[in-house]
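Report on the structure given below.
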Number of protein chains: 2
Amino acid sequence: MARRGEGAIIATMTSPSDDSDPPRHPCGACAFGEASVWRPVAPELRARLAQGFRRRQLARDEAIYAQGAPANTVYCLSRGLVALRTTREDGHYSFVRLVRPGEIFGFRSFLARQPHDTEARALTAARVCVVAAREAREVVEGSPQVLGGLALRCAIELRRSRDLRAHSRRGDAGGRLLRLIRDLSADQAPDADGVVRFRLPLSRADMAAALGLAPETVTRRLRRLCEAGALRISGRQVELPAPAAEGGG
Amino acid sequence: MARRGEGAIIATMTSPSDDSDPPRHPCGACAFGEASVWRPVAPELRARLAQGFRRRQLARDEAIYAQGAPANTVYCLSRGLVALRTTREDGHYSFVRLVRPGEIFGFRSFLARQPHDTEARALTAARVCVVAAREAREVVEGSPQVLGGLALRCAIELRRSRDLRAHSRRGDAGGRLLRLIRDLSADQAPDADGVVRFRLPLSRADMAAALGLAPETVTRRLRRLCEAGALRISGRQVELPAPAAEGGG
DNA sequence: CGCGGGGTTGATCACGATCAACGCAAGTGG
DNA sequence: CCACTTGCGTTGATCGTGATCAACCCCGCG
């Protein structure tokens, strides 16, 4: 439950317990059964929830919903990574949020009853649990605890967003970039030698958008980070050496 | 109900209807009775809400709660302006949010059941409605609609925060600064000649923190804006000429 | 009178944006 | 199999911007 580093670009939710969790309600089948927003669902609503529930397998780069689309579903990511982006009329796009396993998305539009203001797209092969808005509303209206959980997630997300904004200027681009990559590697288990090797789920343009930089700057800073020995990167392939226990606090 | 400009630094909630609204429930006394989060309070809970309810008059620069303080209250601003700021260990502080009349604050910590991560301070003489967390929780647990309203506010705030982050880099510092000042003047009625005259509620340092700039840059850009005729400013006193109907769509 | 905080000004400089060109790999179609 | 295209990433050159450090000013205040 330890709070992640002050300036963490991306924070994790609770860690998945085990996949062997018995599927007691629709969402119980995923690893986040206990932590699911739908968890304390009233028995009489369980069937209703099951009705609006379905699971979806996503290929890398597959779209989940488009910007401006009506928000008639709430999503929970059980595997993989999902990016939330917005494109504006002038063509500029920004990286709104990275969704990690166990997190829900699409709920902001669901709560506000507005069309999605972001586009959701799988960054890797992924699996999402989908709950139709109609059933979701019934469940939410029937069980205040679920609504409370939703509100809590929203509050958490709000804090994260604020932290992001506050820290978006802190330090130089290199430091922020390194932090972003470290955060992206958080799910990856280190190799035997302590080095974390993984495929970067974000393009240079994505990283640039996430950090408020130009793609060229990302390239250059990455190279400087390489030269400084902070990491090795070739294309999307990253090697992140053990952080040498520098995380004091 | 028209949505504010895309890049509005600060968005307004609903406009106050009238002060003559009969005080049907504790919050009915303020101008936002109809729009209050506590509004659809169940009759049996009204007394409970009244118990935890009180009103507070604030002088300019008076603190409402400190960063790190336990979040045992939820606030609704009925008059004046309030600033939410965070200070970090290294001394740097950031301007998290400006609270306008009709908006609630302190609810994020209330929802997350965490101590306040921001400090709240009145920027002008202000009046807040305070609801004790204990009673607030009872009301929220007893009436899902109130919780729903709270969640909605949270969702709105989340969107605002995201927009802020996405736009925080857009355009040059001068443009963002002018937009900030225009937003700050939104409550002010224009003079007979169409010029809006008001006292700036933010210090240079606050504006800098809100925009991610250095105070010196704020000073310089303000002067350039003056020279360009976009506004007149002397100390905290601002004159904002009519925006020449440039607000297209 | 000295003090202190907020605000201003000046000089300097590193940083990152921008534009343009190029490399490279993965598709695509013949 | 090879030309062609397309998108992503890289490199280079240039330039404006805003951060930083330092000094100073102004004003209120004890």
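On a predicted model such as this, the values are computed, not experimentally measured, just so you know. Lettering follows sequence order; numbering is per chain, from 1.
Between Glu227(A) and Arg223(A), at least one side-chain N (NZ, or NE/NH1/NH2) sits under 4.0 Å from a carboxylate O, which counts as a salt bridge.
Side-chain atoms of Arg220(A) come within donor-acceptor range of the base of dT18(C), with a qualifying N/O pair under 3.5 Å.
As a whole-Å value, the separation of Ile233(A) CD1 from dG9(D) C1' is 11 Å. Separating the CZ atom of Arg224(A) from the C1' atom of dT11(D) is a distance of 15 Å, rounded to the nearest angstrom. Counting to the nearest Å, the P atom of dG5(C) and the CG atom of Asp61(B) are 14 Å from each other. Here the C1' atom of nucleotide dC24(C) and the CZ atom of Arg204(A) are 13 Å apart, to the nearest Å. Distance CZ (Arg60(B)) to C1' (dG6(C)): 14 Å, rounded to an integer number of Å. Between Arg176(A) atom CZ and dG16(C) atom P the separation is 7 Å, expressed in whole Å. Atom CG in Leu222(A) sits about 16 Å away from atom C1' in dC15(C), given to the nearest Å. We find that CE of Met207(A) is positioned 16 Å from C1' of dG16(C), with the value rounded to whole Å.
Across Arg162(B), Arg108(B), Arg97(B), a single residue satisfies side chain to side chain donor-acceptor pair (under 3.5 Å) together with Glu157(B), and that is Arg97(B).
The side chain of Thr219(B) approaches dT9(C) more closely than any other nucleotide in the set dA17(C), dT9(C), dG9(D). For Arg221(B), the listed nucleotide lying nearest its side chain is dT17(D); candidates were dT17(D), dC21(D), dG9(D).
Among the protein residues, Gly174(A) comes within range of no part of the nucleic acid, since none of its heavy atoms lies under 4.0 Å from any strand. Nucleic acid contact class of Arg236(A) (heavy atoms, under 4.0 Å, all strands): sugar-phosphate only.
In this pair, His116(A) and Tyr75(A) present their aromatic rings tilted. The plane angle is within the 30 to 60° band.
When the side-chain nitrogen and oxygen atoms of Thr217(B) are compared with OP1 and OP2 of dA19(D), one or more of them lie within a distance under 4.0 Å.
Distance alone, capped at 3.5 Å, is enough to place a donor-acceptor pair between the Gln67(A) side chain and the Thr87(A) backbone.
Atom CZ of Arg236(A) has more than 12 heavy atoms from other residues, nucleotides or ligands within 6.0 Å.
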